[in-house]
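No hydrogens, no waters, no symmetry mates; every other heavy atom, side chains included, goes into these values. Owing to the predicted nature of the structure, the values given are computational and were not obtained by experimental measurement. Here, residue 1 is the first one in the sequence, and each next residue gets the next number.
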Amino acid sequence: MKKIIIANWKMNPKTPRDASRLADKIGRGVKNIKSVEVVFAPPFIHIPAIYKFKTGAQDCFYEKSGAYTGEVSPLQLKACGVRLVIVGHSERRALGETNEIVNKKLKAVLGTGMRAILCVGEAERQKEIAFPKIIRDELHEGLSRIKKSFFRNLIIAYEPIWAIGTGRADTPKNVYEITTIIRRELYRMVGKRIASKIPVLYGGSVDDKNSYAFVKDGAVDGLLVGGASLNANKFVKLVKAVAGL
Ligand code: PGA
């Protein structure tokens, strides 16, 4: 499976011009890398500025159109060239997004034929519990009553909240253990044939020094990168490390 690395720019950079410069610089650096798919997830307003690249969105609403002031629909994103939408990021959950809302958003995104990344992760590391209930609930409630055929475009990102933006990344060993349980849970839900094709990523303080270890020892199919994706040199190094260059 080709590795996938998503650059989650969050609420950065300031101008469309800065966004296009950052994407151009990274694009030049990773141009010849074939074994890794790089996707940029900028704020909505910068999507047109980087249309040349594979683009994702950081969120969306679950309705197709209508009187929903301030919201953006999956169909609108798709029309702007977006191919993938991050759903249920912990920073959105912290603003009130529930598993029920995440479930509606996943259905809406997958219904358009775009790919969706479902983010799951615990707030605190609980040593005695191998698989925190919160992750199980995020998976089961987030994926409740989703058509089996939609799972083809699903990606899971394991992002322990305590590791996001803190510089305290998880260990590859722990990521291996948790993502193995996540994969097993997916097998139970949709069967091995479909589940084995669902990429499982890691996110949380990934940088150019640890990216390779997560993919090799953590055995994940890719990475969701925040802070380090805003520095072109660092991000290119991070991608190259995963590609084994
Ligand atoms: P970080 O963010 O790489 O800055 O920890 C990851 C994420 O929020 O997806």
Side-chain angles (χ1 to χ4, degrees), residues 1-9 22-42 47 50-58 77-78 81-87 89 106 109-110 112-120 143 148-159 169-170 172 175-176 178-180 182-184 186-187 190-204 206-226 228-229 232-245:
M1 200 188 282
K2 196 165 173 169
K3 301 291 179 229
I4 173 162
I5 300 185
I6 323 267
N8 176 10
W9 288 352
L22 179 58
D24 280 341
K25 198 161 176 201
I26 295 171
R28 276 196 301 278
V30 303
K31 195 172 67 204
N32 296 321
I33 298 176
K34 300 279 177 274
S35 58
V36 181
E37 177 183 10
V38 174
V39 183
F40 299 105
I47 289 169
I50 63 160
Y51 73 93
K52 287 184 285 183
F53 300 96
K54 255 189 202 164
T55 307
Q58 300 171 13
L77 292 172
K78 193 177 183 195
V82 167
R83 299 159 186 228
L84 169 162
V85 182
I86 299 171
V87 178
H89 189 283
L106 284 173
V109 171
L110 295 168
T112 67
M114 287 189 291
R115 285 187 289 172
I117 305 189
L118 166 61
C119 300
V120 300
L143 296 170
K148 265 201 179 178
S149 62
F150 283 3
F151 279 74
R152 181 163 52 85
N153 282 327
L154 179 72
I155 298 171
I156 305 289
Y158 169 55
E159 294 208 302
D170 203 347
V175 167
Y176 177 77
I178 300 256
T179 52
T180 302
I182 291 175
R183 289 182 209 271
R184 203 179 302 142
L186 293 168
Y187 288 174
V190 286
K192 196 158 182 168
R193 193 176 56 84
I194 297 175
S196 62
K197 296 204 178 84
I198 301 174
V200 181
L201 319 184
Y202 167 71
V206 175
D207 61 21
D208 50 324
K209 309 277 188 306
N210 61 22
S211 60
Y212 178 68
F214 283 117
V215 171
K216 184 175 168 280
D217 304 326
V220 288
D221 302 304
L223 303 163
L224 183 49
V225 184
S229 70
N233 292 333
K234 208 182 214 186
F235 189 67
V236 168
K237 265 200 209 163
L238 180 163
V239 175
K240 282 188 171 166
V242 170
L245 300 172

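- Open room surrounds OH on Tyr212; 12 or fewer heavy atoms of other groups in view lie less than 6.0 Å from it.
- With Asp207 contributing its side chain and Asn210 its backbone, the two residues share a donor-acceptor pair below 3.5 Å.
- Looking at Lys78, its side chain does come within 3.5 Å of a backbone N or O of Thr112 through a donor-acceptor pair.
- Side chain of Tyr158 to main chain of Ile182: no donor-acceptor pair is present (N/O by atom type, distance under 3.5 Å, no hydrogens or angles).
- Rounding to the nearest 0.5 Å gives a distance of 11.5 Å between CG of Asn153 and CD1 of Ile117.
- Side chains of Leu238 and Leu223 form a contact here, defined as non-hydrogen atoms less than 4.5 Å apart.
- Judged by distance alone, the side chain of Gln58 and the main-chain N or O of Ala41 form a donor-acceptor pair under 3.5 Å.
- Ring geometry for Phe40 versus Trp9: interplanar angle of 30 to 60°, hence tilted.
- Smallest separation of non-hydrogen atoms from Ile198 and Arg183: O-NH1, 4.2 Å.
- The structure places OG1 of Thr55 at 7.0 Å from CD1 of Ile47, a figure rounded to the nearest 0.5 Å.
- By the neighbour-count criterion of 12 heavy atoms within 6.0 Å, atom OH of Tyr176 is sparsely surrounded, having that number or fewer from other residues, nucleotides or ligands.
- Here the CG-CZ distance, from Leu143 to Phe151, works out to 4.5 Å after rounding to the nearest 0.5 Å.
- Each of Val242, Thr179, Leu201 was compared with Val220 under the side-chain contact (heavy atoms from CB on, under 4.5 Å) criterion, and only Thr179 meets it.
- For the pair Ser229 (side chain) and Ala7 (backbone), a donor-acceptor distance under 3.5 Å is absent.
- Summarising the geometry of Val109 relative to Arg115, their closest heavy-atom pair is CG1-O, 3.6 Å, with the distance given to 0.1 Å.
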Kindly determine whether Leu224 and Ile86 satisfy side-chain contact (heavy atoms from CB on, under 4.5 Å), including the steps that lead there. CA-CA 10 Å; Leu224 183 49; Ile86 299 171; 4.1 Å; yes

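- A donor-acceptor pair is defined here as one N or O able to donate and one able to accept, closer than 3.5 Å; such a pair exists between the side chain of Asp221 and the backbone of Val200.
- Here the CG-NZ distance, from Asn32 to Lys240, works out to 8.5 Å after rounding to the nearest 0.5 Å.
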Arg83 vs Val39, side-chain contact (heavy atoms from CB on, under 4.5 Å): CA-CA, chis, key distance, verdict: CA-CA 9 Å; Arg83 299 159 186 228; Val39 183; over 6 Å; no

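- The two atoms that bring Asp217 and Pro172 nearest to each other are CB-CB, 3.8 Å, heavy atoms only.
- Checked by atom type and distance alone, the side chain of Ser196 pairs as donor or acceptor with a backbone atom of Lys192 at under 3.5 Å.
- Between Tyr202 and Ile178, every side-chain heavy-atom pair lies at or beyond the 4.5 Å cut-off.
- To the nearest 0.5 Å, atom CG of residue Asn233 and atom NZ of residue Lys25 are 4.5 Å apart.
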What do the steps show when you test Lys54 against Val38 for side-chain contact (heavy atoms from CB on, under 4.5 Å), and what is the final call? CA-CA 7 Å; Lys54 255 189 202 164; Val38 174; over 6 Å; no

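- A donor-acceptor distance shorter than 3.5 angstrom exists from the side chain of Lys2 to the backbone of Lys34, with no hydrogens or angles considered.
- Minimum heavy-atom separation, Tyr187 to Ala195: CD2-CB, 3.3 Å.
- The shortest non-hydrogen separation linking Val206 to Ala228 is O-CB, 3.4 Å.
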Evaluate side-chain contact (heavy atoms from CB on, under 4.5 Å) for Ile4 paired with Leu84, printing each intermediate quantity in order. CA-CA 12 Å; Ile4 173 162; Leu84 169 162; 4.1 Å; yes

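- When all heavy atoms are compared, the tightest approach of Met114 to Val82 is SD-O, 3.2 Å.
- Contact of the Ile33 side chain with the Val239 side chain is registered, since non-hydrogen atoms from C-beta on lie closer than 4.5 Å.
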